[in-house]
Amino acid sequence: MTRRPTHWLLKSEPHVFSFDDLWRAKKRTTPWDGVRNYQARNFMRDSMRAGDPILYYHSSCDEPGVAGLAEVASEPYPDALQFDADSKYFDPKSDPDDPRWILVDVRAVRKLPRPVTLKAIKAEPRLAKMGVVQKGSRLSVQPVTAAQFRVVLELAGVEE
DNA sequence: GCCAACGTTGGC
DNA sequence: GCCAACGTTGGC
């Protein structure tokens with residue numbers, strides 16, 4: 001029996017939208033819009049459910065790594081930007097009756113006592129199979145196992 | 001800024 | 001359906 005993944009890692013470029021930006025957002029929540037990759041969309045549409053825990057990962061910055069904890073804050077629903085002609089994420093080929101791009105809301109849950117850098121992840125044998133350390137992995141929405149999630153919390157100094 | 005790895009597009 | 005060209009990602 002295949003069970004759906006329940007733990008996640010989301011990438012964001014901090015100079016575009018950092019964990020602190022999410023923390024300061026209204027209700028600490030934002031729609032995870034602008035994802036235009038089918039694999040990432042499929043995870044949001046088919047597997048993510050409200051309450052799933054998320055590692056919020058900063059990429060393309062001085063110190064890449066997990067910057068905070070978040071959670072899925074809605075069920076999946078269509079990304080409004082795909083129908084906004086003024087948005088860079090406008091998709092003229094998306095049919096309003098059958099939207100192509102589906103997202104979930106994301107809510108910041110807690111800051112970490114210390115961030116878990118990519119360097120630290122690479123140095124931790126128990127995280128050798130995490131997506132972010134696989135060569136060429138560019139997926140911005142990806143599952144992590146519950147065990148990997150726990151190890152990251154441990155490295156972050158989170159007491160359970 | 002470089003560049004390898006990857007995804008998407010479009011001609012055929 | 002193939003695959004070259006192109007655009008993007010993301011660590012370094």
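As the structure is a prediction and not an experimental result, all values here were calculated from the model. Proteins get letters first, then strands, A, B, ... in listed order; numbering begins at 1 in each.
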Electrostatic pair [X]:[Y] at N-O distance under 4.0 angstrom:
X	Y	value
A/Glu154	A/Arg126	yes
A/Arg100	A/Asp95	no
A/Arg36	A/Asp79	yes

Quick one: label A/Lys119 by what it contacts on the DNA or RNA (base, sugar-phosphate, nothing), any heavy atom closer than 4.0 Å.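 Counting heavy atoms under 4.0 Å across all strands, no contact is made by A/Lys119.
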Residues from residues 53-63 of chain A lying under 4.0 Å of DNA chain C - heavy atoms: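 Contacting residues: A/Tyr57, A/Ser59, A/Ser60.
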[X] [atom1] - [N] [atom2] separation (whole Å):
X	N	atom1	atom2	answer
A/Gln134	C/dG11	CD	P	14 Å
A/Lys88	C/dG7	NZ	C1'	12 Å
A/Glu13	C/dT8	CD	C1'	10 Å
A/Asn37	C/dT9	CG	P	9 Å
A/Arg100	B/dT8	CZ	P	11 Å
A/Tyr89	C/dG7	OH	P	17 Å
A/Lys11	C/dG10	NZ	C1'	7 Å

Quick check: is A/Tyr56 connected to A/Phe149 through a chain of hydrophobic side chains (ILVMFWY, heavy atoms under 4.5 Å apart)?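 Unlinked, A/Phe149 and A/Tyr56 end up in two clusters.
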Looking only at non-hydrogen atoms, find the nearest pair between A/Asp20 and A/Lys111 and report the distance. OD1-NZ, 3.5 Å
Least distance between heavy atoms, A/Asp21 atom then A/Pro14 atom: OD2-O, 4.1 Å
With the threshold set at under 4.0 Å for non-hydrogen atoms, list the residues of residues 135-144 of chain A touching DNA chain B in residue-number order.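 Listed by number, they are A/Lys135, A/Gly136, A/Arg138.
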Do A/Tyr38 and A/Trp101 make the cut of ring centroids closer than 6.0 angstrom? yes
Less than 4.0 angstrom between a side-chain N/O of A/Lys122 and OP1 or OP2 of C/dC12, yes or no? yes
Using atom types as modelled and distance alone, determine if a side-chain donor or acceptor of A/Gln134 lies under 3.5 Å from a backbone N or O of A/Met130. yes
A/His58 side-chain N/O to A/Phe19 backbone N/O, donor-acceptor pair under 3.5 Å: yes
